[in-house]
Amino acid sequence: MARHLITSALPYINGIKHLGNMVGSMLPADVYSRYLRQRGDDVLYICATDEHGTPAELAAKERGLPVDEFCAQAHDAQKAVYDGFALAFDYFGRSSSAENREITQHFARKLNENGFIEERAIRQVYSPADGRFLPDRYVEGTCPHCGYDKARGDQCENCTRVLDPTDLIEPRSAISGSTDLEVRETKHLFLLQSKLQHEVEEWVSRHEQDWPQLASSIARKWLTEGLHDRAITRDLDWGVPVPADTWPELAAEGKVFYVWFDAPVEYIGATKEWADQDPENRDWKSWWYEADADVRYTQFMAKDNVPFHTVMFPATELGVREPWKKVDYVKAFNWLTYYGGKFSTSQKRGVFTDQALDILPADYWRYFLIANAPESDDSSFTWEHFTATVNKDLADTLGNFVNRVLSFSKKRFGDEVPAGGEPGEAETRLGEEIAALLAEYETQMDALQFRKAASALRALWSAGNSYLEEKAPWLEIKTDKDAAALTLRTAMNLIHLYAVVSEPFIPASSAAMRAAFDLPDDTAAWITEAEARSLTTLAPGIPFTVPPVLFAKLTDEDLETYKERFGGQPA
């Protein structure tokens with residue numbers, strides 16, 4: 001049995017995420033994890049909130065909360081949304097955990113022992129009013145390029161230009177608002193990535209041919225431009241402390257590791273958190289240490305996270321000189337836009353995950369997002385497209401099929417699966433078609449081609465409708481009751497098949513379809529090719545019920561309401 005380690009990019013603690021974040025990392029990882037579990041593989045899906053860095057401290061300050069309390073509340077709020085989306089993490093941890101602190105400090109010590117960390121003096125903005133050095137995001141001012149007066153010291157949100165705090169016009173402290181700022185010398189730790197360039201290049205060369213072009217091209221671009229030594233510490237109150245046994249002076253000054261250094265380590269840290277809940281039965285190291293032979297590691301992320309996971313964190317793992325598991329396959333996604341523009345919290349434009357669940361059940365969103373995943377290029381969310389997809393694929397093609405079959409059969413044959421005659425040519429052709437489509441679905445899921453997998457799943461649903469229209473049991477019953485019964489029994493077997501194979505995409509609806517049949521021991525995890533050809537899983541006489549409507553059609557009034565609430569096309 002194969003062992004699959006799966007991680008998705010850690011959602012940052014500062015705020016509920018939008019739909020683009022969901023489809024670019026956690027949702028496809030969940031769909032893939034569910035599929036692998038169905039096929040009998042040993043799967044460990046790990047994720048966590050990314051809790052360190054200046055935005056967390058600033059958000060806590062705005063809320064008037066201690067940063068640890070803010071992060072605890074924000075973690076629970078995010079986890080509630082992900083539960084609402086039915087994301088089946090094996091564990092959803094926190095980068096502020098003791099386990100992550102322990103492993104991050106271990107990595108730093110090893111990198112230092114191996115000559116890949118250097119202490120350097122740099123010049124940094126200092127605020128006498130606050131009595132502290134200010135990391136880049138703690139400095140605000142006017143952008144010298146576009147004049148935006150709330151630009152941060154790392155980047156202007158308005159024009160997206162990368163900045164240095166000293167570039168800002170009339171800079172001020174984001175903590176106190178003081179404009180009395182100085183530039184002083186301080187010391188920080190630097191990871192000497194330049195010394196690891198050749199090793200990272202060799203490692204990427206061994207893997208990039210298997211990755212999607214998006215992931216490999218981004219990794220290659222960073223390597224072509226050359227890896228630069230990067231500071232891995234900051235002057236913050238919240239973060240993984242620099243260990244005093246190795247850097248006593250910096251520890252005494254309160255230096256912490258920068259979020260980009262400790263966050264990737266949290267994949268390992270969260271696995272240890274998971275194991276520490278049941279140490280007698282869970283071995284975290286078997287997934288991460290000397291695990292190349294029996295663990296396949298797949299990561300899911302949007303393209304902005306690709307450099308960290310294909311270049312920077314592998315450099316860290318290589319520099320540690322220990323056999324830590326490195327990623328085998330990077331599934332990278334482009335952007336999901338909102339009417340071609342960016343989702344924006346400040347401008348209240350776009351759909352955020354908690355709002356989505358307020359409007360419609362998770363399965364509506366899960367199916368639409370995966371069926372339109374931004375794999376080969378950016379894709380645009382529009383309410384018109386969303387409404388059309390829900391109505392055509394979910395309500396008409398799948399939901400209406402389930403309701404028509406079960407309602408008609410109950411009305412004409414009672415509440416048990418009817419017997420009918422022997423399968424004929426139409427059933428044989430249907431079985432061949434279903435087996436071929438199921439094989440295509442499996443092929444695309446194995447290849448992590450989600451849009452193509454969704455297309456194959458949609459084709460499976462459509463095949464049932466075509467069969468029903470061809471056989472027309474509402475006409476058959478007038479002249480041949482056994483023929484009508486056979487058609488309905490075959491269609492019910494299709495419903496059960498749909499319930500099983502659709503589960504990674506629409507788990508709640510799949511459970512409702514499966515629960516419609518009172519099977520004494522329904523343990524089907526997957527549908528075999530033979531079962532797909534014969535469509536005889538459900539024997540005559542099995543009781544069934546008609547479930548509530550699986551998917552309600554969305555109206556023009558719904559469309560206008562959504563557009564008014566969330567904003568239409570960006571200017």
Side-chain angles (χ1 to χ4, degrees), residues 6 8-9 18-36 38-39 85-87 210-218 298-306 329-340 343 351 353 356 360 362-398 433-434 436-463 498 501-507 509-510 551:
I6 296 173
S8 51
H18 57 67
L19 294 181
N21 183 280
M22 176 64 70
V23 73
S25 56
M26 290 173 284
L27 180 55
D30 176 73
V31 171
Y32 186 55
S33 298
R34 287 175 176 272
Y35 169 75
L36 291 175
Q38 285 186 312
R39 307 310 309 276
F85 267 86
L87 301 183
D210 298 324
W211 296 346
Q213 183 179 2
L214 178 62
S216 58
S217 62
I218 292 174
T298 307
Q299 286 184 331
F300 292 80
M301 70 201 68
K303 58 187 176 184
D304 58 329
N305 275 308
V306 169
Y329 191 86
V330 178
K331 178 61 177 179
F333 291 85
N334 287 283
W335 301 127
L336 177 72
T337 65
Y338 187 75
Y339 284 88
F343 286 80
V351 188
T353 49
L360 292 166
D363 280 1
Y364 291 66
W365 302 104
R366 288 177 63 102
Y367 175 77
F368 173 83
L369 291 171
I370 293 296
N372 297 280
E375 291 176 296
S376 59
D377 206 346
D378 291 351
S379 61
S380 177
F381 177 92
T382 71
W383 286 110
E384 292 82 358
H385 188 199
F386 176 74
T387 300
T389 300
V390 167
N391 288 347
K392 181 181 178 183
D393 294 356
L394 296 179
D396 288 345
T397 304
L398 177 60
E433 181 183 9
I434 292 298
L437 289 171
L438 184 59
E440 172 66 10
Y441 177 62
E442 292 180 52
T443 296
Q444 300 303 339
M445 287 293 285
D446 288 338
L448 287 88
Q449 293 295 316
F450 292 101
R451 294 181 73 148
K452 292 179 179 178
S455 179
L457 182 61
R458 188 187 308 118
L460 279 165
W461 300 341
S462 296
Y498 296 161
V501 302
S502 303
E503 193 267 346
F505 282 69
I506 47 173
S509 305
S510 291
F551 299 99

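Note that this is a predicted model, so its numbers are computed, not measured.
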Enquirer: Are any side-chain N or O atoms of Ser379 and backbone N or O atoms of Asn372, one a donor and one an acceptor, separated by less than 3.5 Å?
Expert: yes
Enquirer: Does Tyr339 have its ring centroid less than 6.0 Å away from the ring centroid of Trp383?
Expert: no
Enquirer: Check whether any side-chain N or O of Ser510 sits under 3.5 Å from a backbone N or O of Ile506 as a donor-acceptor pair, and report yes or no.
Expert: yes
Enquirer: How long is the span from the OH atom in Tyr364 to the OG atom in Ser509, to the nearest 0.5 Å?
Expert: 7.5 Å
Enquirer: Mark yes when over 12 heavy atoms from residues, nucleotides or ligands other than Lys452 sit less than 6.0 Å from its NZ; otherwise mark no.
Expert: no
Enquirer: Ignoring hydrogens and angles, tell me if any N or O in the side chain of Tyr441 forms a donor-acceptor pair with the backbone of Val501 under 3.5 Å.
Expert: yes
Enquirer: Is the Tyr367 ring parallel, tilted or perpendicular to the Phe505 ring (thresholds 30°, 60°)?
Expert: tilted
Enquirer: Between Phe333 and Phe300, what is the ring plane arrangement, given parallel below 30°, perpendicular above 60°, and tilted in between?
Expert: parallel
Enquirer: Does Met445 reach the side chain of Val31, with side-chain heavy atoms less than 4.5 Å apart?
Expert: yes
Enquirer: Just jot down the side-chain hydrogen bond (donor to acceptor under 3.5 Å, both in side chains) partners of Ser502, sequence neighbours excluded, or say none.
Expert: Trp461
Enquirer: Grab the two heavy atoms, one from Val351 and one from Trp365, that are nearest each other, plus how far apart they are.
Expert: CG1-CH2, 4.3 Å
Enquirer: Is there a donor-acceptor pair closer than 3.5 Å between any side-chain N or O of Glu375 and the backbone N or O of Arg451?
Expert: yes
Enquirer: Does the side chain to side chain contact (heavy atoms under 4.5 Å, CB included) test come out yes or no for Phe450 and Lys331, once each step is laid out?
Expert: CA-CA 11 Å; Phe450 292 101; Lys331 178 61 177 179; 4.0 Å; yes
Enquirer: Identify the two heavy atoms, one from Ala29 and one from Ser33, that lie closest to each other, and give their separation to 0.1 Å.
Expert: O-OG, 2.7 Å
Enquirer: Considering all heavy atoms of both residues, which atom of Tyr35 and which atom of Asp446 are nearest to each other, and what is their separation?
Expert: OH-OD1, 2.9 Å
Enquirer: Can any side-chain N or O of Ser216 pair as donor or acceptor with the backbone N or O of Gln213 at less than 3.5 Å?
Expert: yes
Enquirer: Quick check: do Leu398 and Asp393 have side-chain heavy atoms less than 4.5 Å from each other?
Expert: no
Enquirer: Apply side chain to side chain contact (heavy atoms under 4.5 Å, CB included) to the pair Asp363 and Phe551, showing each step before the final yes or no.
Expert: CA-CA 9 Å; Asp363 280 1; Phe551 299 99; 4.1 Å; yes
Enquirer: Can you name the one residue among Thr382, Thr389, Val390 that meets side chain to side chain contact (heavy atoms under 4.5 Å, CB included) with Phe386?
Expert: Val390
Enquirer: In Å, rounded to the nearest 0.5 Å, how long is the span from NZ of Lys303 to CD1 of Ile218?
Expert: 7.0 Å
Enquirer: Drop me the distance from Leu457's CG to Thr397's OG1, to the nearest 0.5 angstrom.
Expert: 10.5 Å
Enquirer: State the CG-CD1 distance between Leu27 and Ile370, to the nearest 0.5 angstrom.
Expert: 4.0 Å
Enquirer: Answer yes or no: is there a side-chain heavy-atom contact under 4.5 Å between Arg366 and Pro507?
Expert: yes
Enquirer: Just verifying a value: how many Å separate Arg34 CZ and Glu503 CD, rounded to the nearest 0.5 Å?
Expert: 4.5 Å
Enquirer: Between the main-chain N or O of Leu336 and the side-chain N or O of Asp378, is there a donor-acceptor pair closer than 3.5 Å?
Expert: no
Enquirer: Measuring only between side-chain heavy atoms, which start at C-beta, is Pro504 closer than 4.5 Å to Gln38?
Expert: yes
Enquirer: Could you grab the distance from atom CG of Asn305 to atom CD of Gln299, nearest 0.5 Å is fine?
Expert: 9.5 Å
Enquirer: Would Leu214 and Val306 satisfy side chain to side chain contact (heavy atoms under 4.5 Å, CB included), going step by step from the backbone distance to the final call?
Expert: CA-CA 9 Å; Leu214 178 62; Val306 169; 5.5 Å; no
Enquirer: Can you confirm whether Tyr329 sits close enough to Pro212 that some side-chain heavy atom of one is under 4.5 Å from a side-chain heavy atom of the other?
Expert: yes
Enquirer: Just so I know, are the side chains of Tyr338 and His18 near enough to count as touching, which here means a heavy-atom distance under 4.5 Å?
Expert: no
Enquirer: Within the structure provided, determine whether Phe368 and Leu394 are in side-chain contact (heavy-atom separation under 4.5 Å).
Expert: no
Enquirer: Counting C-beta onward and ignoring hydrogens, is there a side-chain heavy-atom pair between Met26 and Asn21 closer than 4.5 Å?
Expert: yes
